[in-house]
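First up is the structure itself, then whatever we jot down about it.
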Amino acid sequence: MAKINDNYLKLKAGYLFPEIGRRVRAFAEANPQANVIRLGIGDVTRPLAPAILKAFHDAVDDLSRVETFAGYGPEQGYDWLINAIIEKSYNKLGVSLKTSEIFVSDGSKCDCANILDIFALDNVVAIGDPVYPVYNDTNVMIGRTGEADDKGYYKGVVYMPCNEDNGFIPSLPTEKVDIIYLCFPNNPTGVVASKAELKKWVDYAIANDAVIFFDAAYEAFITDPSIPHSIYEIEGAKKCAIEFRSFSKTAGFTGVRCGLVVVPEEVMGTTTSGETYSFNKLWLRRTTTKFNGASYPVQRAAAAVYSDEGWAQTKELVDYYMENARIIREGLKEAGCTVYGGVNAPYIWLKTPGGMSSWDFFDKLLTECNVVGTPGSGFGPSGEGFFRLSAFGSRENVIEAVERIKKNLK
Ligand SMILES: *Cc1c(COP(=O)(O)O)cnc(C)c1O
């Protein structure tokens with residue numbers, strides 16, 4: 001018989017969102033009259049902006065005519081999209097990048113997972129706790145870890161606890177690590193890192209020949225002008241950081257699928273025999289071999305985000321969600337909760353009242369307020385005692401949910 005990759009068996013069963021789904025379904029079946037408001041899963045709810053939708057339609061029409069038909073495109077993305085990204089997303093931050101340093105993809109989740117292909121298994125990785133579960137689980141699947149302990153920490157991974165004491169910003173690892181995952185604005189905690197904070201990480205990476213994986217999926221939600229949108233705003237980062245971005249949350253592309261990876265040519269690793277080698281070259285080789293590009297209409301739609309109209313409409317969408325975030329944040333504070341995030345990120349991270357466990361608070365909100373959120377413990381052991389609410393709902397639902405929670409907690 002063919003052998004399975006039994007690293008997969010190390011993964012803990014009962015993944016967070018299926019368990020939430022199970023509890024919500026059971027409740028809804030037992031209480032069919034309840035109007036359940038879902039602020040759990042981090043998915044957008046507003047339709048695509050009109051300028052983006054028009055470009056998407058037009059691109060589909062292109063496929064209907066011999067003269068404008070598009071077949072296979074460049075695996076790493078069309079130049080017209082890459083150049084728009086460089087100009088509108090990076091040059092305005094004072095960051096210059098080459099066309100060859102950007103790789104357009106069908107989303108950031110796959111990118112965060114696939115990047116592991118070009119790194120040797122004996123690299124030591126450091127991961128935040130709580131964290132976007134993809135970083136951890138993909139390292140388990142590829143075989144970098146041992147088994148999980150009772151807490152859910154896998155052997156061989158360096159976990160960086162993020163808690164109230166450190167403001168949910170991890171401390172530098174005390175041992176030498178080779179790969180560091182950072183995500184700011186953070187999912188699930190909603191906190192951001194200042195330039196000084198990121199500088200600390202870049203300095204560490206350079207001093208230790210480490211590579212930072214910087215997940216900037218939520219950069220569009222930053223409202224404070226002093227907060228960096230890209231790790232490349234930090235001097236030296238082009239030598240040590242790979243950045244992941246996505247159109248998913250920024251422009252409502254969770255169902256459309258488009259993301260990008262930045263791999264600067266200066267980011268180097270070593271071969272087994274000790275020579276230095278460029279990760280950019282490896283990633284290009286991987287991309288051209290294992291991927292055939294994001295679809296043509298999707299890339300046209302993504303490029304429309306950077307048109308004047310598309311840009312303004314996208315900003316409106318982001319502002320809509322951030323007003324939701326403000327309503328949730330202020331409302332919970334009025335209800336006496338300790339809250340984090342929600343200012344530069346579409347997530348509100350609240351401390352469960354009275355030291356309740358994350359899942360107990362989940363059940364309380366579900367059964368007493370008919371509001372669904374996400375238990376913090378599902379993102380890692382340090383998330384225990386916390387709870388995530390997402391600002392991606394409709395205004396009406398957000399207001400209603402906050403009113404119910406306020407009434408319940410007062
Ligand atoms: C939503 C999200 C992404 C983006 O995923 P896509 O595959 O591009 O939809 C990446 N990182 C984090 C932390 C996210 O929450």
Side-chain angles (χ1 to χ4, degrees), residues 15-17 20 38-46 48 52 77 81 85 89 102-116 125 127-139 160 162 168-170 180-193 212-222 229-231 241-262 287 291 293-295 298-299 301-302 305 314 317-318 321-322 325 341-342 344-349 373-374 376 378-380 383 388-393:
Y15 180 66
L16 177 63
F17 293 106
I20 292 175
R38 290 174 170 79
L39 301 177
I41 294 178
D43 194 3
V44 297
T45 56
R46 312 309 294 165
L48 291 180
I52 295 166
L81 175 55
I85 291 166
S89 282
I102 304 244
F103 299 80
V104 174
S105 71
D106 57 358
S108 197
K109 191 200 240 185
C110 329
D111 288 336
C112 292
N114 291 336
I115 198 77
L116 296 179
V125 307
I127 298 178
D129 160 37
V131 76
Y132 181 52
V134 176
Y135 311 151
N136 184 73
D137 291 2
T138 54
N139 275 286
M160 306 181 290
C162 301
F168 302 97
I169 295 194
I180 300 151
Y181 288 81
L182 294 179
C183 174
F184 294 112
N186 190 264
N187 174 15
T189 66
V191 306
V192 286
I212 295 171
F213 292 168
F214 191 75
D215 187 341
Y218 296 95
E219 61 80 25
F221 297 86
I222 293 172
H229 287 246
S230 163
I231 186 121
I242 291 175
E243 180 163 292
F244 301 88
R245 286 198 176 197
S246 172
F247 291 89
S248 282
K249 317 299 166 29
T250 308
F253 274 45
T254 51
V256 175
R257 311 304 306 142
C258 197
L260 61 112
V261 191
V262 185
T287 302
F291 188 52
S295 94
V298 164
Q299 291 192 63
V305 171
T314 301
L317 214 61
V318 166
Y321 292 131
M322 289 313 289
N344 294 293
Y347 295 120
I348 290 82
W349 185 243
T374 315
F379 297 100
R388 189 191 77 175
L389 286 171
S390 145
F392 288 130

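Just so you know, ligand 1 is whichever comes first in the structure, and atom 1 is the first atom listed for that ligand.
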Under the side-chain contact (heavy atoms from CB on, under 4.5 Å) rule, what do T374 and F17 come out as? Steps first, then yes or no, please. CA-CA 8 Å; T374 315; F17 293 106; 3.9 Å; yes
Exam field: side chain E243 to backbone A216, donor-acceptor pair closer than 3.5 Å: no
Does one side chain, of Y218 or Y347, offer a donor that lies under 3.5 Å from an acceptor on the other? yes
Distance under 4.0 Å, heavy atoms only, partner ligand 1: which residues pass? G107, S108, K109, Y132, Y135, C183, N187, D215, A217, Y218, S246, S248, K249, R257
Between atom OG1 of T250 and atom CZ of F221, what is the distance when rounded to the nearest 0.5 Å? 6.0 Å
Taking it one step at a time, do F253 and I52 satisfy side-chain contact (heavy atoms from CB on, under 4.5 Å)? CA-CA 10 Å; F253 274 45; I52 295 166; 3.8 Å; yes
R388: which residues meet the salt bridge (charged side-chain N to carboxylate O under 4.0 Å, His left out) condition with it, sequence neighbours left out? none
